[in-house]
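So you know, we letter chains A, B, ... as the sequences are listed, proteins then strands, and number each from 1.
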Number of protein chains: 2
Amino acid sequence: MIVSKKHISRLSKYRKALFRFSELGFVKVFSDTLGEAVGVTASQVRKDFSLFGIHGHKRGGYQIDTLIDKLQNILGKDFEQKVIIVGIGNIGNALIKYKAFENEGIKIVAGFDIDPAKVNRKGTVPIFPLKEIHDYVKKHNITIGIIAVPDIVAQEVFDVMLSAGIKGILNFAPIRYKGAENVFINNVNFQVELENVIYFVNMFKHEKD
Amino acid sequence: MIVSKKHISRLSKYRKALFRFSELGFVKVFSDTLGEAVGVTASQVRKDFSLFGIHGHKRGGYQIDTLIDKLQNILGKDFEQKVIIVGIGNIGNALIKYKAFENEGIKIVAGFDIDPAKVNRKGTVPIFPLKEIHDYVKKHNITIGIIAVPDIVAQEVFDVMLSAGIKGILNFAPIRYKGAENVFINNVNFQVELENVIYFVNMFKHEKD
DNA sequence: TAGATTGTTAATCGATTAACAATC
DNA sequence: TAGATTGTTAATCGATTAACAATC
């Protein structure tokens, strides 16, 4: 079987729950306890671990610290993951300041924007002109980027990022990219997510009639 | 069959593509054209429409404007959807300023925060103290809210929102809420989304060895 | 009419859950 | 040993795709 986004999303949640358990002083955990903490079945937990070659002890459950180690490794927490971001607008800025990344081995090392007014080479996270992205990415061996630019320029920015060597993108522009064969794209679309809430709330409303 | 998040997300994308087609002067569309534009199969398109009672013409495809009308109705675009947001930090602010909502029948009508320094009753989007949320939501009959507060206060904020009458939440706090039986929650988790990109890029890297 | 496209049913694929033998 | 839990296989569930009769 092949690993899917759902698998990684669950591993991420297991990891988080395990840190909580560990802080509470627990040393081992059972699949049903962990499943309950994360909101999945015990079967799901064991199946997921099995897929990634993670083994527990019959009757003894899983050792929390070794489990965390394995998940750290799978999720790329052994090294700091360097990420760049293009588009220093509202969302770009929010992500740069997003605290959760810092403690999670994810570091936004630089931002890029076409607007010269946004450039700031001396900030905690330096912001460079977009045209410098190629050299920066090559020089620092960056493979992951975030797109947070307006729709109209998204394809153009995407092309530049790919040619610079970016292999994976977290994309906030509601766009289907052309030439996306050799790059992993993960889309986040606020409008779609909100429209889901709107639909299901309205459904519930009408159900009651 | 029951309607899922995936259905609504696809309808949202069909809708967007249809507006593009319409602007280009097209009046009808076939399931395979629309599918290609959105990145799904023609079967999927027809199945989706069928589920929502949307009918085309054998041999004649679907009339774009009536199709748009139906989707507008399903996705709640007949009326302006009023939304409140709690937590006026980086993400909260970014969402308030997010342009895409404005043209899409979604309006963030008010923000709430515990920090008195954030309060601003006269802004384009007024910001009120959190304690006023109950009265506001009741008075304006709001059912949808966004949570963009730090993890530690998220459950508390959630409880207040529910007691005020909120029925659907777009949630940015990486938290599983207690007492979430009668409310629709849609979670957005930047860390998990980025960890997915990291995992699949690293996989690709190691595959090449 | 011949050809093309819908709408729906059947087949396939994938993901989750249940069951249970292995075993600590 | 008896009881509990893993790890894996089988069963179920759900979502997507294929196929094709209906028909414009």
| field | Minimum heavy-atom distance between B/L95 and B/F172, given as atom pair plus value | value | CD1-CE1, 3.5 Å
| Below 4.0 Å: OP1/OP2 of D/dG7 and any side-chain N or O of A/S50 | no
| said: Between P on C/dA4 and NZ on B/K28, what's the gap in Å once rounded to a whole number? | reply: 13 Å
| query | What is the distance, rounded to the nearest whole Å, between atom CZ of B/F52 and atom C1' of C/dT8? | reply | 17 Å
| message | Expressed as a whole number of angstroms, how long is the span from B/I54:CD1 to C/dG7:C1'? | response | 13 Å
| B/F19 atom CZ: more than 12 heavy-atom contacts under 6.0 Å | yes
| task | Would you mind classifying the nucleic acid contact of A/F49 as base, sugar-phosphate or nothing, using non-hydrogen atoms under 4.0 angstrom? | result | nothing
| task | Heavy atoms only: give me the nearest A/I166-A/G168 pair and the separation to one decimal. | result | CG2-O, 3.4 Å
| task | Would you mind reading off the distance between B/I8 atom CD1 and D/dA15 atom P, rounded to a whole angstrom? | result | 13 Å
| request: Decide whether B/S22 and B/D65 meet the rule of one side-chain donor and one side-chain acceptor closer than 3.5 Å. | output: no
| side-chain hydrogen bond (donor to acceptor under 3.5 Å, both in side chains) between B/D159 and B/Q155: does it pass, once the steps are laid out? | CA-CA 6 Å; B/D159 295 340; B/Q155 178 70 52; 2.9 Å; yes
| field | Residue A/K47, side-chain atoms from C-beta onward, closest of D/dA10, C/dT6, D/dG7 | value | D/dA10
| query | Please give, in whole Å, the distance from C/dA4 P to B/F30 CZ? | reply | 11 Å
| task | With DNA chain C as reference, determine whether A/V40 or B/H57 sits nearer its 5' end, using the nearest nucleotide of each. | result | B/H57
| Does A/H55 have a side-chain nitrogen or oxygen under 4.0 Å from the phosphate oxygens OP1 or OP2 of D/dG7? | yes
| For B/L75 against A/E195, the heavy-atom pair lying closest together | CD1-OE1, 4.4 Å
| query | CG of B/D48 versus C1' of C/dT8: gap in Å, rounded? | reply | 14 Å
Pairs under 3.5 angstrom, nitrogen or oxygen only, protein versus nucleotides 19-23 of chain D, please.
unit_1: D/dA19; atom_1: N6; unit_2: B/R46; atom_2: NH2; d: 3.3

| request: Answer yes or no: does atom NZ of B/K5 have more than 12 heavy-atom neighbours from other residues, nucleotides or ligands under 6.0 Å? | output: yes
| message | What is the separation between atom CG on B/L51 and atom P on C/dT6, rounded to the nearest whole Å? | response | 17 Å
| query | Taking all atoms of both residues into account, what is the closest heavy-atom pair of B/I169 and A/V197, and its distance? | reply | N-CG1, 3.6 Å
| request: For DNA chain D, list all stems, counting runs of three or more consecutive pairs where every pair is Watson-Crick or G-U wobble with both distances under 3.5 Å. | output: C:3-24 with D:3-24
| query | Would one find a side-chain N or O of B/T41 under 4.0 angstrom from OP1 or OP2 of D/dT16? | reply | no
| task | Give the rounded distance in Å between these two atoms: CD of A/Q44 and C1' of C/dA15. | result | 8 Å
| Does the distance from a Lys or Arg side-chain N to an Asp or Glu carboxylate O, for A/R15 and A/E104, drop under 4.0 Å? | yes
